[in-house]
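First the structure, which I've put down as structure tokens, then a few questions once you've had a look.
Please read these numbers as outputs of a predicted model, since none were measured by experiment.
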Amino acid sequence: MKGPSYYNPRVHPDRTLQRRNTVITQMVKYDYLTEEEGETLKQEKLQLRFKPLNHYSGLAPYLREQIRQDAVKLIAEFNEANSTNYDLYKDGLKLVTTIDAEMQRYAEKAMRQHMKSLQHAFYTHLGKQEPWDKEKNLLDNAIRESETYKNLKRQGLSEKAILVAMNEKKPMTIYSAYQGEAEMQMSSIDSLKHYLKILQPGMIAVEPQSGKIKVWIGGLDFKYFQYDQVLAPRQVGSVFKPVVYSAAIEHGARVDAYYNNEQKSYPEYDNWTPRNSNNQYGGYYTLKGALSQSINTIAVQVLLQTGIDATIEHACRLGIQSELPAVPSIALGAANIPLREMILPYLCYANNGVSTTPYYLLSIKDRDGRILYEAEPPRRERVIPAEQAHIMSSMLSAVIQEGTGKRLINNYGLNIPLAGKTGTTQNQADGWFIGYNPRIVVGVRVGANNSRVHFNSTALGQGANMALPIFGLFMQECLQSNTYAYWSGLSFPVPPVDVQKDLEVPTFKENINLLERLTNQKLEKVKKQDTGKDTDSPKKKGFFRKIGDLFKKKDKK
């Protein structure tokens, strides 16, 4: 374009109009337009689509805010150590991140598409009811915690006067689930009611081998919601179960053993009686079957068989640093853990048992290329043997193929090697899904900021409905791109032949006979493996496994 600054339509609309008409005249002159068409086009008004770039707009604003905070500290440390006075906002510094712009765009597109329909479903399912109809102090607390209320209180207004003022309608710009931004006539209390019902997503994607964070979505819109959902500690639900199962396998749990899906009480824990989400009981599941179907009763059995303290210690080695209460309900995900932290065990499973610390800032340089900060190579540590990681990927693949994550195949056509786990928390306050292939681990959580605002239906509020679709839409976009199409040809490493054979036994049986009961040993004596080294050699079979194999041979005859 000739003279882009001189003819800038935002700054010089008259010049732009004149130039536009000159171009139309030339098009008429050279027979690209008729004189009549040219005159008609000259009568049209200029339409300007201008969206100024700011801290709220552009890709990954939530991550950019995290980087901004980190960069301020890092630059201050550099200045102090080198007697310099670099300023993040004035000196044209270049910050390089690990974010993948293409992948981030696909993630944001998937998030917007799903959240619009999910929010509509939430409004529809509420009908004429409101979340605060049964939770009487929910709205009252929101009013009293609002800045508007606190400001009016500081001005000396009475409670009655404050409520009168907050009920006065006035023009305001709000975030709309349908439009993104809308002008409305609303009172301050109307606005609080509106925002209480907004569901928020969090999403993060990490390369398991490098630890590079490729996607970060902290919420719907950074302009209206600064609270970062990736960092928010929330109840994790069933996405914690893989940690329980991998701890059990490390402590000798056999993958070909069967567990009774029976509901029972635990007197030593105040007669606590865990129940399955579908209230269905009976039959016998292997670890793979129980994990793929997310059977709560068996998850608790497995935890207590392994030991609560042993499971907590295992979780810490896998990267969980949040406080884990030493109670059996941690098997069902009662702990509060941020999304950024909850993906760490899955990174380990995807990376053959090696833990890699995720990071997002590569370097900070000045305009002359001087390095102010450069990220050190991330810490890599083997925390479980490769064989155990491969077993977990095999079990978590069953979640997608035949379990609670099969919507990825049925609804999104993702019949490719994927592993993952859905999670639904108490009262459907949060829906989770963490999924991966050998190259990327993706975590998604969706829920209202206040956990007392939630779906009243498990069908709508489960992780498979709230969070999994974002993963599904994201993966669809990635696989259609030349950049990531190769993902469809990836495969997970296969466990050793004897272990794979055990994993392939039927995952569910209605009943087991006397012979099967006698050989159904859930544990074998194993020497704890050295997690500091790769252990690719097969384990020696324990006594009960040998007897079990003997009976299997007899059965085949």
Distance-only polar pair, side chains of Thr311 and Thr306, donor-acceptor under 3.5 Å: no
Beyond-backbone contact of Asn261 with Ile298, side-chain heavy atoms, under 4.5 angstrom: yes
Side-chain touch Met115/Val446, heavy atoms, less than 4.5 angstrom: yes
Any side-chain donor near an acceptor of the partner, Arg154 and Tyr149, under 3.5 Å: no
Evaluation steps, side-chain contact (heavy atoms from CB on, under 4.5 Å), between Lys421 and Trp432: CA-CA 8 Å; Lys421 185 71 187 78; Trp432 291 73; over 6 Å; no
Test item: Arg64 side-chain N/O and Leu59 main-chain N/O as donor-acceptor pair under 3.5 Å: yes
Any donor-acceptor N or O pair under 3.5 Å, side chains Arg452, Asn137: yes
Backbone of Ser176 reached by a side-chain donor or acceptor of Glu181 within 3.5 Å: no
Between Tyr175 and Tyr195, ring centroids under 6.0 Å: no
Lys169, NZ atom: more than 12 neighbouring heavy atoms under 6.0 Å: yes
Taking every non-hydrogen atom, the tightest pair across Cys478 and Met103: SG-CG, 4.2 Å
Test item: side-chain donor near acceptor, Asn410 and Arg407, under 3.5 Å: no
CA sep, side-chain torsions, deciding dist, call: Lys73, Glu77, salt bridge (Lys or Arg N to Asp or Glu O under 4.0 Å): CA-CA 6 Å; Lys73 295 174 185 175; Glu77 290 172 6; over 6 Å; no
Sub-4.5 Å side-chain heavy-atom contact between Leu344 and Ser355: no
Chi angles and distances behind the side-chain contact (heavy atoms from CB on, under 4.5 Å) call for Lys406, Gln401: CA-CA 6 Å; Lys406 61 187 176 184; Gln401 291 296 321; over 6 Å; no
Donor-acceptor contact present, side-chain Thr297 to main-chain Ile295, <3.5 Å: no
Separation between CG of Leu304 and OH of Tyr266, rounded to the nearest 0.5 Å: 5.5 Å
Nearest-0.5 Å distance, CG of residue Asn296 to OG of residue Ser329: 11.0 Å
Close side-chain approach of Trp216 to Met203, heavy-atom, < 4.5 Å: no
Side-chain donor-acceptor pair present, His125, Ser457, cut-off under 3.5 Å: no
Residue pair Gln104 / Glu108, side-chain donor-acceptor N/O under 3.5 Å: yes
Heavy-atom donor-acceptor pair, Asn437 side chain to Ile440 backbone, under 3.5 Å: yes
Check: Tyr86 main-chain N/O paired with Asn79 side-chain donor or acceptor under 3.5 Å: yes
Taking every non-hydrogen atom, the tightest pair across Leu46 and Pro13: CD1-O, 3.9 Å
Any side-chain donor near an acceptor of the partner, Gln263 and Arg275, under 3.5 Å: no
Distance-only donor-acceptor check, side chains Glu102 and Ser481, under 3.5 Å: yes
Test log, rule side-chain hydrogen bond (donor to acceptor under 3.5 Å, both in side chains), inputs Tyr484 and Asp100: CA-CA 12 Å; Tyr484 318 107; Asp100 184 315; 2.9 Å; yes
Gap separating the CE atom of Met186 from the NE2 atom of His194, nearest 0.5 angstrom: 5.5 Å
Any Gln428 side-chain heavy atom under 4.5 Å of Gln462 side chain: no
Neighbour count above 12 (heavy atom, 6.0 Å) for Gln185 CD: yes
Candidate pair Glu147 and Lys153, rule salt bridge (Lys or Arg N to Asp or Glu O under 4.0 Å), full reasoning: CA-CA 10 Å; Glu147 284 303 313; Lys153 190 79 172 175; over 6 Å; no
Step-by-step salt bridge (Lys or Arg N to Asp or Glu O under 4.0 Å) determination, Lys197 to Glu130: CA-CA 9 Å; Lys197 293 188 287 185; Glu130 297 287 9; 3.0 Å; yes
Gln480-Gln476 side chain donor-acceptor pair, cut-off 3.5 Å: no
Close aromatic pair by centroid cut-off 6.0 Å: Tyr436 and Tyr349: no
Mutual orientation of the aromatic rings belonging to Tyr62 and Phe222 [parallel < 30°, tilted 30-60°, perpendicular > 60°]: perpendicular
Glu80 atom CD: more than 12 heavy-atom contacts under 6.0 Å: no
Ring centres under 6.0 angstrom apart (Phe122, Phe455): yes
Sub-4.5 Å side-chain heavy-atom contact between Leu347 and Thr356: no
Minimum side-chain heavy-atom gap Glu341-Ser322 below 4.5 Å: yes
pair Tyr373-Leu362: side-chain heavy atoms closer than 4.5 Å: no
Atom CD of Gln69: over 12 foreign heavy atoms under 6.0 Å: yes
Gln229 CD to Ile217 CD1 distance, which is reported to the nearest 0.5 Å: 12.0 Å
Distance (rounded to the nearest 0.5 Å) between Asn141 CG and Glu135 CD: 10.0 Å
Tyr106 and Phe474 aromatic centres sub-6.0 Å: no
Whether Gln235 side chain and Gln426 backbone form a donor-acceptor pair below 3.5 Å: yes
Considering all heavy atoms, the nearest Ile330-Phe240 contact: O-CD2, 3.1 Å
Heavy atoms from other residues, nucleotides or ligands near NZ of Lys109 exceed 12 (cutoff 6.0 Å): no
More than 12 heavy atoms of other groups within 6.0 Å of Glu323 CD: no
Between Thr98 and Lys214: side-chain donor-acceptor atoms closer than 3.5 Å: no
Separation of Arg105 CZ from Glu477 CD (nearest 0.5 Å): 11.0 Å
